[in-house]
Amino acid sequence: SAAQTAKVATNFVPTKEDYQKVYNRIAEVIDDADDYDNGSFGPVVVRLAWHASGTYDKTTGTGGSNYATMRFQPESLHGANAGLHVAREVLEKIKQEFSWISYGDLWTLAGVAAVQEMAGPKVPWRPGRIDGFESHVPPDGRLPDASQGAPHIRDIFYRMGFDDQEIVALCGAHALGRCHTDRSGYDGPWTFSPTTFTNDFYKLLFDEKWVWKKWNGPKQLEDKKTKSLMMLPTDYVLTQDKSFKKYAKAYADDVDLFFKDFSAAYSKLLELGVPTQQFVASEAWIMQTVDEQTS
Ligand code: ZEM
């Protein structure tokens, strides 16, 4: 709009209220999903925020959410990112309305809004990411491969700077969404409520009997009772590895503990690769849910 152009021209410095407006638009747009999946872009937006951040390598300081490099090839074409164009396109509408926000801030704020609006925990977030260039694209292979075991999961997440407890907490995001055969090759949702953030991922891992699915697709598990839910090999590892299992059991038994630990680990994930001095605020903000603003 003319007003926004004028703001940019006069060196517009956005406030927390401006980011709250973006958050509110994100909440609207992820709900406006008609017959896409379960009527929400929330899960795929969470996956975008995760894949945009999870490329971080603490040793070289490369990758992470700072430069929003998934806008560029070849990263947009990396196998792990199949299907994420859906989330990028949904958020592009918002970028057009709020041209002052960086893509990295937009994608991570959307990851926060999606979790919060799907009844998850509050996730501290702050702006400061800047748009980078194709030259910042990280190499392929930095995100986890679902067919692998515990050593691979540790290699990948330790490289980002996470420990076993944080790994298990982050994987609880699989309460949301589903696998698509035309994206990863895997098929189906993890829980019966894929648009509500819960600790059901862990509960189901322990409460259901999981058997290998008999099909032509990649090795995945299905619940013996209903055959309508799935687990990836990497999900199942969380019940087999002794250290992972301890945390997974704790999160199955205590939803408050899961919410607290997920919030902290996810907030950390979304800041990977962003130099501290780039952040506008010394402490991350708590954005309000749409419900909190209307009641
Ligand atoms: Zn996922 N994830 N993920 N994940 N993920 C999928 C979907 C979703 C792994 C993985 O290979 C896959 C984390 C960790 C790990 C979400 C969030 C987070 C899919 C299905 C696969 C194969 C993709 C498809 O076909 O559409 C592996 C191996 C992981 C670690 C070992 C972490 C951490 C996440 C966030 C914090 C979400 C929300 C989805 C659902 C996406 C959707 O479109 O519904």
Side-chain angles (χ1 to χ4, degrees), residues 30 33 36-56 65 78-88 90 107-108 110-112 114-115 117-118 120-121 123 141-162 164-191 193-198 200-201 205 217-221 230-238 240-241 244 248 251 258-259 261-272:
I30 61 181
Y36 175 79
D37 277 3
N38 292 75
S40 172
F41 291 114
V44 75
V45 159
V46 171
R47 188 159 198 247
L48 173 67
W50 140 236
H51 280 204
S53 310
T55 54
Y56 183 63
S65 67
H78 287 172
N81 294 330
L84 292 181
H85 65 279
V86 171
R88 292 196 302 275
V90 163
W107 293 355
T108 55
V112 167
V115 164
E117 296 299 317
M118 291 189 285
V123 180
R142 288 201 175 176
L143 292 162
D145 170 354
S147 70
Q148 302 283 313
H152 169 78
I153 301 175
R154 289 201 170 89
D155 281 350
I156 295 280
F157 281 91
Y158 287 3
R159 187 210 66 226
M160 295 176 218
F162 290 114
D164 285 2
Q165 175 259 306
E166 292 169 312
I167 292 171
V168 178
L170 285 170
C171 288
H174 284 172
L176 301 171
R178 59 176 299 124
C179 297
H180 306 78
T181 49
D182 59 336
R183 297 182 186 176
S184 59
Y186 296 99
D187 189 34
W190 290 267
T191 66
S193 53
T195 61
T196 307
F197 195 90
T198 63
D200 288 358
F201 168 77
L205 263 177
K219 251 182 109 176
Q220 67 175 65
L221 298 119
M230 70 93 60
M231 289 289 168
L232 299 166
T234 43
D235 297 320
Y236 196 64
V237 162
L238 304 182
Q240 301 301 301
D241 177 272
F244 288 156
Y251 297 144
F258 168 53
F259 271 36
D261 286 357
F262 178 83
S263 169
Y266 188 56
S267 184
K268 173 175 162 180
L269 171 71
L270 301 182
E271 295 198 351
L272 294 180

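Each residue takes its place number in the sequence, starting with 1. Atoms within each ligand, like the ligands themselves, are counted from 1 in listed order.
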Review point. Of the backbone atoms (N, CA, C, O) and the side-chain heavy atoms from C-beta on, which set of Phe197 has a member under 4.0 Å from an atom of ligand 1: side chain, backbone, both, or neither?
Key: neither
Exercise for review: Using a 4.0 Å heavy-atom cut-off, say whether Ile167 meets ligand 1 through its side chain, its backbone, both or neither.
Suggested key: neither
Review point. Judged by non-hydrogen atoms, does Trp190 sit under 4.0 Å from ligand 1?
Key: yes
Review point. Do Thr195 and Leu176 come within less than 4.5 Å of each other through their side chains, counting heavy atoms only?
Key: no
Point to revise | Numbered atoms of ligand 1 (with element) below 4.0 Å of Arg183, judged on heavy atoms | key: 24 (C), 25 (O), 26 (O), 43 (O)
Review point. What protein heavy atom sits nearest atom 26 (O) of ligand 1, and how far away is it?
Key: His180 ND1, 2.7 Å
Practice item. Using 2.8 Å as a strict upper limit, say whether an N, O or S atom of His174 approaches atom 1 (Zn) of ligand 1 that closely. Key: yes
Review point. Of all the non-hydrogen atoms in the protein, which one sits nearest to atom 20 (C) of ligand 1, and at what distance?
Key: Cys179 SG, 3.4 Å
Check your understanding: Mind checking whether Arg178 has an N or O less than 3.5 Å away from an N or O of ligand 1?
Key -> yes
**Study point:** Distance, nearest 0.5 Å, that separates CD of Glu166 from OH of Tyr158
**Key:** 10.5 Å
Practice item. Starting from atom 11 (O) of ligand 1, find the nearest protein heavy-atom neighbour and note its residue, name and distance. Key: Ala146 CB, 3.4 Å
Review point. For Trp50, is at least one N or O under 3.5 Å away from an N or O on ligand 1?
Key: yes
Review point. Based purely on interatomic distance, does Ser184 place a nitrogen or oxygen under 3.5 Å from a nitrogen or oxygen of ligand 1?
Key: yes
Exercise for review: Report the part of Thr234 (side chain from C-beta onward, or backbone N, CA, C, O) that has a heavy atom under 4.0 Å from ligand 1; answer both or neither where that applies.
Suggested key: side chain
Check your understanding: How far is atom 38 (C) of ligand 1 from its nearest protein heavy atom, and which residue and atom is that?
Key -> Pro43 O, 3.3 Å
Review point. What's the spacing between Asp182 CG and Asp187 CG if we round to 0.5 Å?
Key: 9.5 Å
Point to revise | Heavy atom of the protein closest to atom 27 (C) of ligand 1 (residue, atom name, distance) | key: Pro144 CG, 3.8 Å
